[in-house]
Amino acid sequence: MANELNFEDAERVEIDGELLRDAPRVNLSRRAIISGLAAGSVFPVLSSCTTNPYTGQTELAFMGEQQIASMAATAWTDLKSQTPQTGNSRMKNRVLNIWSRVEQATPKAGEQWDVAVFDTDDVNAFVMPGNRVGVYRGIVDLVENDDQLSSVLGHEVGHTVYRHANRRMSRQMLAQGALAAGQVALSSSETMNQYGGAVAALGGAAVQFGVILPYSRQSELEADKAGVDYMHEAGYDVTQAVRLWEVMDANASSARQPEFLSTHPHPSTRIDALRQYINARGYALM
């Protein structure tokens, strides 16, 4: 959770090396890469697809949901032990009551969830694999009504319904495998071998900005739309999903980086997408 970037008005875009810190890296010897490719452990096979039981969609998944949930368990326990949770019973009950309505309107109705309300100023909420949801006091204070808060909570359920964490990790694994294969090809060429480091860095940047970040933004929009579906089913005013992002945009504390560098779409992108979706679904006329 802006302004449009006009490339015609920009003379040059400087990319700080720090922005590449999350780009996929390949730290394998040539022997290890070749061995891994032969064994299928570096470049996972495309047959590692599964059917999402909630959506019926076939999707890339190199790891099981239980495996990912187990990996997140320690992080969730640590977060709850290190971050204060609200002692405001009224706020907590408000979140849990809205959560109960929204959760019952989703394909994951009736599943066991762990919902925590953290007592910090962060204007945010999140979900972890294993049905773990965190809501910060900052976003509860910012929203203007329960409808907007239901949009936030519905969005988080949407991430779990579409299994975005698994899909993101699987794409990162696939990208690392592709880069590893590229390293093998480069190292086998005497001409290209001298440029291997530079080409690998550019390849990592291409994956980051051309695959990982766009996929992350697409996932956010997908979760936004799912949240609207759940809001509508739960009886909340779906137009407040649009208003939420107007509020978020108005309360932004600093200038945002260009959208293509971000994991999240700009509020203006989300507003336009939500309006179109609400109208197309016939939930309201906006």
Side-chain angles (χ1 to χ4, degrees), residues 1 22 65 68-106 108-166 168-169 216-217 219-224 226-228 230-231 234 236 240-241 243-254 256-257 262-265 267 270:
M1 319 213 32
D22 295 323
E65 286 297 296
I68 293 181
S70 297
M71 292 168 59
T74 299
W76 177 247
T77 300
D78 290 346
L79 179 64
K80 290 203 297 182
S81 67
Q82 297 168 12
T83 308
Q85 297 185 46
T86 184
N88 185 329
S89 59
R90 182 177 180 181
M91 175 181 290
K92 184 174 182 178
N93 288 336
R94 178 190 177 195
V95 172
L96 293 178
N97 288 337
I98 297 171
W99 167 260
S100 179
R101 282 181 59 181
V102 170
E103 183 267 337
Q104 287 299 312
T106 76
K108 293 172 73 69
E111 294 186 10
Q112 184 174 354
W113 294 82
D114 188 357
V115 182
V117 183
F118 296 106
D119 191 18
T120 74
D121 293 331
D122 299 271
V123 181
N124 205 358
F126 65 91
V127 65
M128 283 187 179
N131 290 356
R132 303 169 176 103
V133 179
V135 182
Y136 292 100
R137 170 175 46 79
I139 199 163
V140 180
D141 289 339
L142 179 67
V143 297
E144 299 171 324
N145 49 53
D146 289 356
D147 300 279
Q148 291 175 17
L149 188 53
S150 77
S151 176
V152 173
L153 298 177
H155 171 97
E156 301 308 334
V157 181
H159 279 308
T160 66
V161 167
Y162 283 93
R163 307 204 297 192
H164 286 150
N166 196 332
R168 182 176 62 251
M169 290 180 66
S216 179
R217 293 191 295 271
S219 296
E220 291 300 320
L221 294 175
E222 193 170 45
D224 282 350
V228 166
Y230 308 149
M231 287 176 71
Y236 288 103
Q240 289 300 309
R243 175 58 186 160
L244 168 67
W245 285 104
E246 292 173 345
V247 172
M248 294 284 281
D249 195 21
N251 285 271
S253 58
S254 60
R256 293 185 178 86
Q257 62 184 353
S262 177
T263 58
H264 287 56
R270 303 178 90 143

[Y] backbone acceptor or donor facing [X] side chain under 3.5 Å:
X      : Y      : answer
Ser81  : Asp78  : yes
Glu111 : Asn131 : no
Ser100 : Asn97  : no
Asp249 : Trp245 : no

From [X] atom [atom1] to [Y] atom [atom2], the distance as rounded to the nearest 0.5 Å:
X      : Y      : atom1 : atom2 : value
Glu103 : Thr160 : CD    : OG1   : 9.5 Å
Glu246 : Gln240 : CD    : CD    : 9.0 Å
Ile98  : Asn93  : CD1   : CG    : 11.0 Å

- prompt: Residues two or more places apart in sequence or in another chain: which of them pass side chain to side chain contact (heavy atoms under 4.5 Å, CB included) with Thr77?
  reply: none
What is the minimum heavy-atom distance between [X] and [Y], and which atoms define it?
X      : Y      : result
Ala223 : Gly158 : CB-C, 4.4 Å
Ser219 : His159 : O-CE1, 3.9 Å
Leu153 : Val102 : C-CG1, 4.3 Å
Glu156 : Ala125 : OE2-O, 3.3 Å
Gln148 : Leu244 : O-CD2, 4.0 Å
Ala105 : Ala234 : CB-N, 3.8 Å

query: Using 4.0 Å as the upper bound for N to carboxylate O, is an ion pair formed by Asp224 and Arg270?
result: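 Between Asp224 and Arg270 there is a salt bridge, with a charged N closer than 4.0 Å to a carboxylate O.
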field: Cation-pi geometry met for Arg101 and Tyr236 (6.0 Å, 45°)
entry: yes
Should [X] and [Y] count as side-chain neighbours, where that means a heavy-atom distance under 4.5 Å?
X      : Y      : result
Ile139 : Asn124 : no
Val123 : Met248 : yes
Thr86  : Lys92  : yes
Val161 : Lys108 : yes
Gln85  : Asp119 : no
Arg137 : Asn88  : no
Met91  : Val117 : yes

message: Could you check whether His155 and Glu220, counting side-chain N and O atoms only, form a donor-acceptor pair closer than 3.5 Å?
response: yes
message: Checking side-chain polar atoms at under 3.5 Å, does Thr120 have a donor or acceptor matched by the opposite partner on Asp122?
response: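 There is such a pair between these side chains.
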query: Under 6.0 Å from the CD atom of Gln82, do we count more than 12 heavy atoms belonging to anything else shown?
result: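 It does: Gln82 CD has more than 12 such atoms within range.
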- request: Decide yes or no on side-chain contact (heavy atoms from CB on, under 4.5 Å) for Phe126 and Val133, but give the supporting numbers first.
  value: CA-CA 6 Å; Phe126 65 91; Val133 179; over 6 Å; no
- request: Mind telling me whether Phe118 and Tyr136 have parallel, tilted or perpendicular rings, with 30° and 60° as the class edges?
  value: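 Tilted, since the angle between the ring planes falls between 30° and 60°.
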- prompt: When you look at Met128 and Asp114, which way does the side-chain contact (heavy atoms from CB on, under 4.5 Å) test go after all the steps?
  reply: CA-CA 10 Å; Met128 283 187 179; Asp114 188 357; over 6 Å; no
task: Decide yes or no on salt bridge (Lys or Arg N to Asp or Glu O under 4.0 Å) for Asp147 and Arg243, but give the supporting numbers first.
output: CA-CA 10 Å; Asp147 300 279; Arg243 175 58 186 160; over 6 Å; no
- prompt: For Val135 and Val152, what are the C-alpha separation, side-chain angles and deciding distance, and is it a side-chain contact (heavy atoms from CB on, under 4.5 Å)?
  reply: CA-CA 9 Å; Val135 182; Val152 173; 5.7 Å; no
